[in-house]
Amino acid sequence: AKGAGKGQWRRYQSELHGAMVERLELRSALEHSVKEGQFILQYQPIVDLATDDTAGFEALVRWDHPTRGIITPDQFIEVAEESGLIVPIGRWVLDEALRTVAQWRRLLPRSRAPYVSVNVSVRQFRAPGFVDHVRTALQHAGVPPQALMLEITETLLMGDEERIWAELSALQEMGVRVAIDDFGTGYSSLGYLRQRPIDVLKIDKTFVDDMVDNSQQAALVSGIISLAQTLNLTVVAEGIETATHRDMLLRLGCPLGQGFLFSTPVGATEALHWLTGPAAV
Ligand code: C2E
Ligand code: CA
Ligand code: CA
Ligand code: CA
């Protein structure tokens, strides 16, 4: 039995070693791809659940690897955050998303002008000059601050980094909107929601998934929506995959949503077609 234990330990060590080598390889490949600019953005419509109109798009990054093809963020964002590479990647994401939304807005009447919602990791907020970068990026793209929404996580909400909150408030005063992503999965308290510069709660797709067969989950979703109404916040439900999801959310008073029922994330050109589609002519 002692021998078997030793064997297991060796196997464990070699697996651990393998995982470390893999992470290091991923990191250096990622570093290279930042220099080469191997990233692309896809856009998923955020839809008015009552009218089916598109209000905006969430920008989602993909790594366009020359040999491995499209790599989704769940396979590299963690390493990007640990290594700090998320900072240059995130800068590019913001610039690119704003360039794209500027193009869309030039081609559409003002009443149909969409916004773009960009994911920002805590690490990016902590990097010096984040807010300045947002300001200059808006100016360079030539879009009003109202064309931009930033999605942050509850982790940031729980922190007491006053510098970050002061900067976020400054952005919000300019007109940039701030959304809490994956709301309900973290442990933020209600107090924070009142004190912080927040405009939107995004209900995580796990709640949407479960609410159909689980009345407790449905009550939770309903609770989040009433909370948002009380605090004067907008709600976006994520991961709407079926008409049942949509109808139930509408009944509960949720104004906006995104998910495969409407569209998967698509390229900028396809997103534009989505905006100028049948409804526009
Ligand atoms: P997220 O911000 O919660 O984004 C929603 C994810 O759910 C996206 O996955 C989207 O493609 C997927 N999704 C949308 N509708 C549905 C649906 O109806 N059903 C299901 N099952 N999934 C749906 P994606 O694009 O793989 O992104 C994963 C995560 O990576 C994002 O989660 C976000 O946390 C992160 N991420 C993506 N782009 C960026 C970025 O530019 N910067 C940073 N920091 N993080 C990013
Ligand atoms: Ca998001
Ligand atoms: Ca989310
Ligand atoms: Ca998520």
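Atoms within a ligand are numbered from 1 in the order they appear, just like the ligands themselves.
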Just checking: Asp204, one of its N/O/S atoms, less than 3.0 Å away from the Ca ion (ligand 3), yes or no?
no
Atom name of the N, O or S atom of Asp182 nearest to the Ca ion (ligand 3) is OD1
The N/O/S atom of Glu238 lying closest to the Ca ion (ligand 3) is OE2
Below 4.0 Å from ligand 1: does a non-hydrogen atom of [X] turn up there or not?
X	answer
Gln258	no
Gln42	no
Gly90	no

Assess, by modelled atom type and distance only, whether the side chains of Glu151 and Ser117 contain a donor and an acceptor separated by less than 3.5 Å.
yes
Distance col, row Glu241:CD vs Phe262:CZ, nearest 0.5 angstrom, shows 11.5 Å
Answer key: the N, O or S atom of Asp181 nearest to the Ca ion (ligand 2) is OD2
For the Ca ion (ligand 2), the nearest N/O/S atom on Glu151 is atom OE1
Only one of Thr234, Val200, Val178 passes side-chain contact (heavy atoms from CB on, under 4.5 Å) with Met149, and that residue is Val200
Quick look: Lys202 vs ligand 1, heavy-atom contacts under 4.0 Å, and the answer is neither
